[in-house]
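The structure under discussion is supplied below as structure tokens; questions concerning it will follow.
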Amino acid sequence: MHGLLDAVMASEPGGDQDVNETSVALAYEGILQSIDDDVFGIGDLVGASTVLLSWLASHLADKSCTEIAAVIGELRAFAQTNAAAE
């Protein structure tokens with residue numbers, strides 16, 4: 001789970017793109033090495049991602065006085081926009 005948080009911290013909005021890409025690559029490398037070393041499996045990675053996203057969505061919904069479904073809708077739109085841009 002910490003590797004996922006490292007990757008989020010490494011991709012600073014408005015930060016230097018080269019630095020962000022290098023930092024994210026290092027965070028991902030650590031995650032992938034853990035999977036290769038059988039420290040944890042892909043199910044653990046998906047589980048950790050789900051826990052973190054659930055916590056984040058819940059807090060965003062509370063702070064914006066909206067439903068979690070609305071927050072998830074915004075995250076889906078953001079993900080779709082980013083996927084289309086790549």
Side-chain angles (χ1 to χ4, degrees):
M1 192 176 314
H2 293 279
L4 293 171
L5 294 173
D6 292 343
V8 170
M9 286 298 299
S11 57
E12 179 183 346
D16 181 86
Q17 185 172 351
D18 291 335
V19 172
N20 282 353
E21 288 175 4
T22 300
S23 299
V24 170
L26 288 171
Y28 288 164
E29 184 178 317
I31 293 169
L32 294 174
Q33 283 177 350
S34 296
I35 292 172
D36 291 343
D37 293 338
D38 293 326
V39 174
F40 63 89
I42 195 71
D44 297 314
L45 183 60
V46 171
S49 299
T50 302
V51 167
L52 291 172
L53 286 169
S54 294
W55 183 88
L56 177 62
S58 174
H59 279 72
L60 287 172
D62 286 345
K63 295 291 182 187
S64 62
C65 297
T66 188
E67 299 285 326
I68 290 177
V71 171
I72 297 299
E74 289 180 38
L75 289 170
R76 286 180 192 272
F78 175 76
Q80 185 174 8
T81 300
N82 278 344
E86 293 175 0

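Keep in mind the model is a prediction, meaning the values are calculated, not measured.
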Notebook entry, point to check: Who pairs with Leu56 by side-chain contact (heavy atoms from CB on, under 4.5 Å), at least two apart in sequence or on another chain?
Noted result: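 Result, side-chain contact (heavy atoms from CB on, under 4.5 Å) vs Leu56: Leu60.
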Quiz item: What distance separates Ser49 OG from Leu53 CG, expressed to the nearest 0.5 Å?
Solution: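 One finds 6.5 Å between OG of Ser49 and CG of Leu53.
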Contacts of Glu67 meeting side chain to side chain donor-acceptor pair (under 3.5 Å) (sequence neighbours excluded), chain-then-number -> none
When rounded to the nearest 0.5 Å, the distance separating OG1 of Thr22 from CD of Gln17 is 10.5 Å
- Query: What closest approach, in Å, do Ala57 and Ile72 show between heavy atoms, and which atom pair accounts for it?
  - Reply: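 Distance-wise, the nearest heavy atoms are CB-CD1, 3.8 Å.
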Notebook entry, point to check: Could you give the distance from OG (Ser54) to NE2 (His59), rounded to the nearest 0.5 Å?
Noted result: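 Interatomic distance, Ser54 OG to His59 NE2, rounded to 0.5 Å: 12.0 Å.
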_To the closest 0.5 Å, what do you measure between OG (Ser23) and CG (Asp16)?_
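Those atoms lie 9.5 Å apart.
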